[in-house]
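Fair warning: this is a prediction, and the values are worked out from it, not measured in the lab. Labels below follow one simple rule: chain letters A, B, ... track the order of the sequence lines, proteins then strands, and each chain is numbered from 1.
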2 protein chains.
Amino acid sequence: MAYSDQYIDKLRKSGLRPTKQRIKICEALFNAEKTFHFTIKELVKIIENQANIKVSLATVYNTVHAFMKKGYLKEIPLNASQSYYDTNVTHHHHFFDEEENKLIDIHQDDVDEINIKRTIPGKKIRSVEVIAKIVSDNQSQK
Amino acid sequence: MAYSDQYIDKLRKSGLRPTKQRIKICEALFNAEKTFHFTIKELVKIIENQANIKVSLATVYNTVHAFMKKGYLKEIPLNASQSYYDTNVTHHHHFFDEEENKLIDIHQDDVDEINIKRTIPGKKIRSVEVIAKIVSDNQSQK
DNA sequence: TAGTAGATTATATTTATTCTAAACTGTTGA
DNA sequence: TCAACAGTTTAGAATAAATATAATCTACTA
Ligand SMILES: [Mn+2]
Ligand SMILES: [Mn+2]
Ligand SMILES: [Zn+2]
Ligand SMILES: [Zn+2]
């Protein structure tokens, strides 16, 4: 299993023991062709579908938090009651489709440099993220 | 009470009955010199401090939602477990101080126009908001 | 001023997330 | 090789924000 080995390495290098559960979660998150956005509930479903082993909910939460701390996942702020996570950890922005409750990546290059002409004394900016909320365009019917 | 009258008007014009509770909540939200950000828990505290009448938690939630629907409040997306609300309903951006868990307004004029060179077919942009996360700057000691 | 739609309230419920503490397992070094 | 142990998993309990319920109350109007 080439993938497993790769994840075992990744986990070991991160100081995380490569357990069955964590390797399974790595496969669910990082085997995908493309990066994607997910909630914990959705991730649990993905794991169940690819299931040969069972992973408890607490472990899913623990692992997602551990991976965030290591920089393998990002949390996306949305005005929802549940957290959204992103396997794309590069600096980028989002459309949020309010009707379908779906996040769409906007590549950094697709947004002109954001220049904030204001500073807070003693503080520095750690990240700058844009969320553009989108809805159906019904004007374009004519 | 000039303020009360003003809020009674505002509520009536919005099709909301001007109840004692709603007027009280208007006073808590809109008497302030400056706009501000709050959580439900904080709003409940503000009301309690200015208290002459009691307002139940359910009514606070109901009223905040009603005011949002009318455009008197905005919800601010943060990766927190509770919703933040804003009495500043103009288009603006935010610093989020991750250490103090505090939002700071950035006036629209303090951010250069945000140009997104990408569209989603059949969708239009409803809003574009920037969140800049800030942390203590310890490099600047020298 | 009575009737009614709308509003408030205490309380129960829902649901995402975190905590607990017992059982289990990957790692290490003797 | 394997015992020991720190790290991990787990079921289930706890927490807390938010919403639902349904009985009571009240602002409005005719
Ligand atoms: Mn979290
Ligand atoms: Mn809400
Ligand atoms: Zn993304
Ligand atoms: Zn604001």
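- In the set dT8(C), dA18(D), dA27(D), dA27(D) carries the atom at the smallest distance from any side-chain atom of P18(B).
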Summary of protein contacts for nucleotides 10-15 of chain C, nucleotide by nucleotide, where a base hit scores B, a sugar-phosphate-only hit scores S (4.0 Å, heavy atoms): B-----

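- Rounded to whole angstrom, the span from the CG atom of L11(B) across to the P atom of dA7(C) amounts to 10 Å.
- Nucleic acid contact for S81(A): sugar-phosphate only, since backbone atoms but no base atoms lie under 4.0 Å from a heavy atom of the residue.
- Taking the centre and axis of the six-membered ring of F95(A), the NZ or CZ atom of K133(A) falls outside the cone set by 45° and 6.0 Å.
- The backbone N or O of I106(B) sits nowhere less than 3.5 Å from a side-chain atom of D110(B) that would complete a donor-acceptor pair.
- A 4.5 Å side-chain heavy-atom check between L29(A) and Y7(A) finds every atom pair outside the cut-off.
- In this structure, T19(A) reaches the sugar-phosphate backbone alone: every heavy-atom distance under 4.0 Å involves primed, P, OP1 or OP2 atoms, never a base.
- Between Q21(B) and Q82(B), it is Q82(B) whose nearest contact on DNA chain D lies nearer the 5' terminus.
- Taking the ring centre of F30(A) as origin, the terminal cationic atom of K10(A) falls inside the region bounded by 6.0 Å and 45° from the ring axis.
- Checked against dA16(C), dA7(C), dT9(C), the side chain of N62(B) finds its nearest nucleotide in dT9(C).
- Closest to the side chain of Y61(A), out of dA16(C), dT19(D), dT10(D), is dA16(C).
- Remark: of the listed residues K74(A), H94(A), H91(A), H93(A), K74(A) is the sole one forming a side-chain hydrogen bond (donor to acceptor under 3.5 Å, both in side chains) with E129(A).
- With hydrogens and angles ignored, the 3.5 Å screen pairs no side-chain donor or acceptor of K41(B) with any backbone N or O of Q82(B).
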